[in-house]
Amino acid sequence: MTPYTLVQIVDSLINFYNILIIVYCLLTWIPMNPNGLLADIGAVLDGIVGPYLNFFRRIMPPMGGIDFSPVIAVLALTFIERLLVYLIGVIL
């Protein structure tokens, strides 16, 4: 496996997780029927993204009713991605 391929895989996985965070946040704005399809999708996304976001919610609670933890979480993922790409470039 070449370093370029490894960088592409890391980039794709982190971008996919960022998209899941954004979709989860958008779903929280939509009123849902508890027995509907959107509620099921929201529950699955909450299981995938929720623990990661909860880590940032403990650090930075909502201010004025607005939850900034998804923004901080996406920024942290971007920082981790850049760090991993740099380390892959240095090691390989």
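Along the sequence shown, residues carry numbers from 1. All figures in this text were calculated on a predicted structure; none of them were measured in a lab.
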CZ of Phe79 to CG of Leu84: how many Å apart, nearest 0.5 Å? 10.0 Å
Is the closest side-chain heavy-atom distance between Ile21 and Leu77 below 4.5 Å? yes
Selection residues 74-86 - residue pairs positive for side chain to side chain donor-acceptor pair (under 3.5 Å), sequence neighbours left out: none
Closest heavy-atom pair and its distance - Ala39, Pro34: CB-O, 3.7 Å
According to a hydrophobic-cluster definition based on side-chain heavy atoms being under 4.5 Å apart (Ile, Leu, Val, Met, Phe, Trp, Tyr only), do Tyr4 and Leu83 belong together? no
Does a side-chain heavy-atom distance below 4.5 Å link Phe56 with Val71? no
Euclidean distance, Asp67 CG relative to Thr28 OG1, rounded to 0.5 Å: 8.5 Å
Taking the side chain as everything from C-beta on, heavy atoms only, tell me whether Ile14 gets closer than 4.5 Å to Asn18. yes
List, by chain and number, the other hydrophobic cluster members for Trp29, where Ile, Leu, Val, Met, Phe, Trp and Tyr join if side-chain heavy atoms come within less than 4.5 Å, directly or indirectly. Ile22, Leu26
Roughly how far, to the nearest 0.5 Å, is CD of Gln8 from CG of Asn15? 11.5 Å
Are Leu75 and Ile66 connected in a single hydrophobic cluster, I mean Ile/Leu/Val/Met/Phe/Trp/Tyr linked by side-chain heavy atoms less than 4.5 Å apart? no
Any non-hydrogen side-chain atom of Asp11 less than 4.5 Å from a side-chain atom of Val85? no
Can you measure from CG (Leu87) to CD1 (Ile80) and round to the nearest 0.5 angstrom? 11.5 Å
Keeping the roles fixed (side chain from Tyr52, backbone from Ala73), state whether a donor-acceptor pair exists under 3.5 Å. yes
Looking only at heavy atoms, what is the nearest atom pair of Ile72 and Met60, with distance? CG1-SD, 3.8 Å
Nearest-0.5 Å distance that lies between atom CG in Asn54 and atom OG in Ser69: 8.0 Å
Which atom names give the shortest non-hydrogen contact between Tyr24 and Val49, and what distance separates them? CD2-CG1, 4.4 Å
